[in-house]
Amino acid sequence: MPGVSSFRRTPSRAAVGTSAGLLAAFTALAVAELVAGLLRPAAGPVTVVGGAVIDRTPAAVKDFAIRTFGENDKAVLRFGILAVLAFLAIGLGVLGLRHRRIAAAGVLLFGIVGAAAALGRPDSTGVGDAFPSIAGAVAGALALYVLASQAPPSTAPAAGEGGVWSRRGFLTAAGVTAATATSVGLLGRFLSGRQGQGAVVSRENLVLPEPSSPAPALPAGARLKVPGISSFTTPNRDFYRVDTALTVPEVDARTWRLRIHGRGVARPRTYTLDQLLARPLIERDITLTCVSNEVGGPYVGNARWLGVPLRDLLREAGVRPPSHGGTADQLVARSVDGMTLGSPVDDVMDGRDAMLAVGMNGEPLPFEHGFPVRMLVPGLYGYVSACKWIESIELTTFDAYDPYWVKRRWARRAPVKTQARIDTPKPFTRPAAGAVVVAGVAWAQHRGITRVEIRIDDGPWQDADLAAQDSPDTWRQWSYRWNATPGGHTLTVRATDGTGSVQTEQRTRTVPDGASGRHSVFVTVPQIPRTGP
């Protein structure tokens, strides 16, 4: 039966086109990875296109991604980019069976898009950033053209696009393409990894000096021993991470520099890390909060930070706050990846422990938390104060410049709102009737927490027991002993800050200046089993 034999030997054109398109995309990415590894890993097409997508995503969508995917939002985005690329590659592969030149031109078009994205990134170093995307596209176009030329002819091939089908020829071309692309991609990964080795070594060799002003000892009773409550100090591995970096920057501390310049800077300065470490350092426990944190959300953490007082650096540069006649009211911090954050100069220089941090919980900053240096200002949400991988501080005005998030309609000024969270019991759990410890944390950085109250269902507000206050810049643990009765119950918490302001019950979303409202959880206490007759 010749027809059956021919059917078994010859794959469908769709399968051949799909294979050709995916292999061409794989080749393009592998070659781009190699060129990026040779030049600058951050210029890889997936990274730059992902960055462009993040920059152009509406604030509400970003907020949804953070709420839904948490710290996995970057992985989801990367997967989405690759999925879209695979879908388009399949389409071009099928198109290439009849129109090889048009399909190859389509691949080149994607290279142009990647190059434009690379050159448009805030951290672009010049025209060289376009090379990975262009080189990858050329390689992918060539691979698609060659593979499509080995495809089985259609019943009505286009002029010059037919050819004699050779199953062996196609499989050979596909195998060679796959093997070559894999080797090239692995070499590119190796080269990219080597470029990051200097940063890894510089962190491993960094010895943090002892602080001139150590953190005060924690007062007795600052740490509650309640199962399920957030620990007073958040371990580095558990500390939240929210940023726009698709790939975590790995900065070599030996070549890192910080520049202070701009309006009202009488003496512009540039510092190395060694110069900062040689200065008097302060050590403080400070709670950081992300503006994307929903009421009761996880994007808040407390750590012990070591750093250089930012106020001292600005004073030495001749900076005066507006309240003392200065001409700049905004400090714009710029990251190595181009991110910009704007902080009020008055807040940075009003005596609070604003710093350029070099250490976190007794070790150099982890890469994902800003190594070698990050900025933080107690009392302000991270998007206006906690610049990671900082390399520049420019003094300007709020009228003259809008930083990254302000351009996306977030507020220019963003003091942290008073919040309390119930850590235990968790929502929808089934605690046993009787004594149940309700516990959690409350924060109002730079104002402190003076009172926490609990309400069971629609009952009266009752005072919770507060742990000892470490400082106004840290969160405060609390607990409440509840006599739980059978049935469904809603537990609600509210806090009062050091100014006497009670946490509002008005519910708002995170945009534009942080969520507000009161955290509550619903639990079900099972009925007590009856015993006896």
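The backbone N or O of G120 sits nowhere less than 3.5 Å from a side-chain atom of S124 that would complete a donor-acceptor pair. T429 places a side-chain N or O within 3.5 Å of a backbone atom of K426 that can act as its donor or acceptor partner. A side-chain donor-acceptor contact under 3.5 Å links S343 to the backbone of V384. D129 contributes a side-chain N or O that, together with a main-chain N or O of T125, makes up a donor-acceptor pair within less than 3.5 Å. Side-chain N or O atoms of T424 include none that pairs as donor or acceptor with a backbone N or O of I229 at under 3.5 Å.
No side-chain N or O of T47 forms a donor-acceptor pair with one of R121 less than 3.5 Å apart. Judged purely by distance below 3.5 Å, without hydrogens or angles, the side chains of T247 and R78 pair a donor atom with an acceptor atom. Side-chain contact of S392 with H261: a donor-acceptor pair under 3.5 Å is present, judged by distance alone. Side-chain polar atoms of T508 and S516 form a donor-acceptor pair below 3.5 angstrom. A donor and an acceptor atom, one from each side chain of T289 and Q445, are located under 3.5 Å apart. Between the side chains of D274 and T272, no donor-acceptor pair is found at a separation under 3.5 Å. D423 and S230 form a side-chain donor-acceptor contact under 3.5 Å, judged by distance and modelled atom types alone.
Taking the side chain as every heavy atom from C-beta outward, P298 and Y240 never approach each other to under 4.5 Å. Taking 4.5 Å as the limit, some side-chain heavy atom of E283 sits within range of a side-chain heavy atom of R304. In this structure the side chain of R284 never reaches within 4.5 angstrom of the side chain of W305, judged on heavy atoms. With contacts defined as side-chain heavy-atom distances shorter than 4.5 Å, the pair P122/D55 qualifies. The closest side-chain heavy-atom distance from V184 to L186 is not below 4.5 Å. Between V441 and Q419 there is no side-chain heavy-atom pair separated by less than 4.5 Å. Side-chain contact between T180 and T27: absent, with no pair of heavy atoms (C-beta onward) separated by less than 4.5 Å. Contact of the V332 side chain with the L341 side chain is not registered, since no non-hydrogen atoms from C-beta on lie closer than 4.5 Å.
A salt bridge links R509 with E294: the distance from a Lys NZ or Arg NE/NH1/NH2 to an Asp or Glu carboxylate oxygen falls below 4.0 Å. We find that D513 and R413 are not joined by a salt bridge, their nearest charged nitrogen and carboxylate oxygen being 4.0 Å or further apart.
Of all the heavy atoms in F367 and P249, the pair that sits closest is CD2-O, 4.0 Å. Across I393 and L310, no two heavy atoms sit closer than the pair CD1-CD1, 3.8 Å. Across every non-hydrogen atom of V523 and P431, the tightest pair is CB-CD, 4.0 Å. Residues Q330 and P403 come closest through the heavy atom pair OE1-CG, 3.2 Å. In terms of heavy atoms, L365 sits closest to M360 at CD2-CB, 3.8 Å. Across all their heavy atoms, G106 and L92 have their closest contact at C-CD1, 4.0 Å.
In this structure, CE in M355 is found 9.5 Å from CG in L281, a value given to the nearest 0.5 Å. Within the model, atoms CZ of R101 and CG of L144 stand 13.0 Å from one another, a figure rounded to the nearest 0.5 Å. To the nearest 0.5 Å, the span separating OG1 on T287 from CH2 on W475 amounts to 6.0 Å. Between the CD1 atom of I81 and the CG atom of L29 there is a distance of 10.5 Å, given to the nearest 0.5 Å. Note: N293 CG to T510 OG1 = 9.0 Å, rounded to the nearest 0.5 Å. To the nearest 0.5 Å, the span separating CZ on R56 from CD1 on I54 amounts to 11.5 Å.
Under a cut-off of 6.0 angstrom, the local environment of CZ in R507 is crowded, with over 12 non-hydrogen atoms contributed by other residues, nucleotides or ligands. Residue-environment remark: CZ (R189) stays at or below the threshold of 12 foreign heavy atoms within 6.0 Å. Atom CZ of F79 has 12 or fewer neighbouring heavy atoms from other residues, nucleotides or ligands inside a 6.0 Å radius. Counted within 6.0 Å of CZ on R257, heavy atoms from surrounding residues, nucleotides or ligands total more than 12; the atom is thus considered enclosed.
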Check your understanding: Hey, mind stepping through R203 and E363 against salt bridge (Lys or Arg N to Asp or Glu O under 4.0 Å) and telling me if it holds?
Key -> CA-CA 10 Å; R203 183 179 183 276; E363 64 177 81; 2.7 Å; yes

Check your understanding: Should V291 and W405 be marked as a side-chain contact (heavy atoms from CB on, under 4.5 Å) after you check the CA-CA gap, both sets of side-chain angles, and the distance that decides it?
Key -> CA-CA 11 Å; V291 73; W405 290 111; over 6 Å; no

Practice item. Could you go through the side-chain contact (heavy atoms from CB on, under 4.5 Å) check for W443 and R421 one step at a time? Key: CA-CA 9 Å; W443 59 89; R421 184 179 72 194; 4.1 Å; yes

Exercise for review: Assess whether side-chain contact (heavy atoms from CB on, under 4.5 Å) is satisfied between N302 and F239, documenting all intermediate values.
Suggested key: CA-CA 8 Å; N302 187 62; F239 208 94; 5.6 Å; no

Practice item. Tell me, with the steps shown, if L380 and V377 meet side-chain contact (heavy atoms from CB on, under 4.5 Å). Key: CA-CA 6 Å; L380 303 181; V377 182; 3.8 Å; yes

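Annotation: cation-pi geometry not satisfied between R412 and F398 (NZ/CZ under 6.0 angstrom from ring centroid, within 45° of ring axis).
Of the listed residues (Y404, Y299, W410), just one forms a ring pair (Phe, Tyr, Trp, His ring centres under 6.0 Å) with Y383, and that residue is W410. For the pairing with K388, the side chain to side chain contact (heavy atoms under 4.5 Å, CB included) check across E368, M375, R241, M339 returns one residue only, R241.
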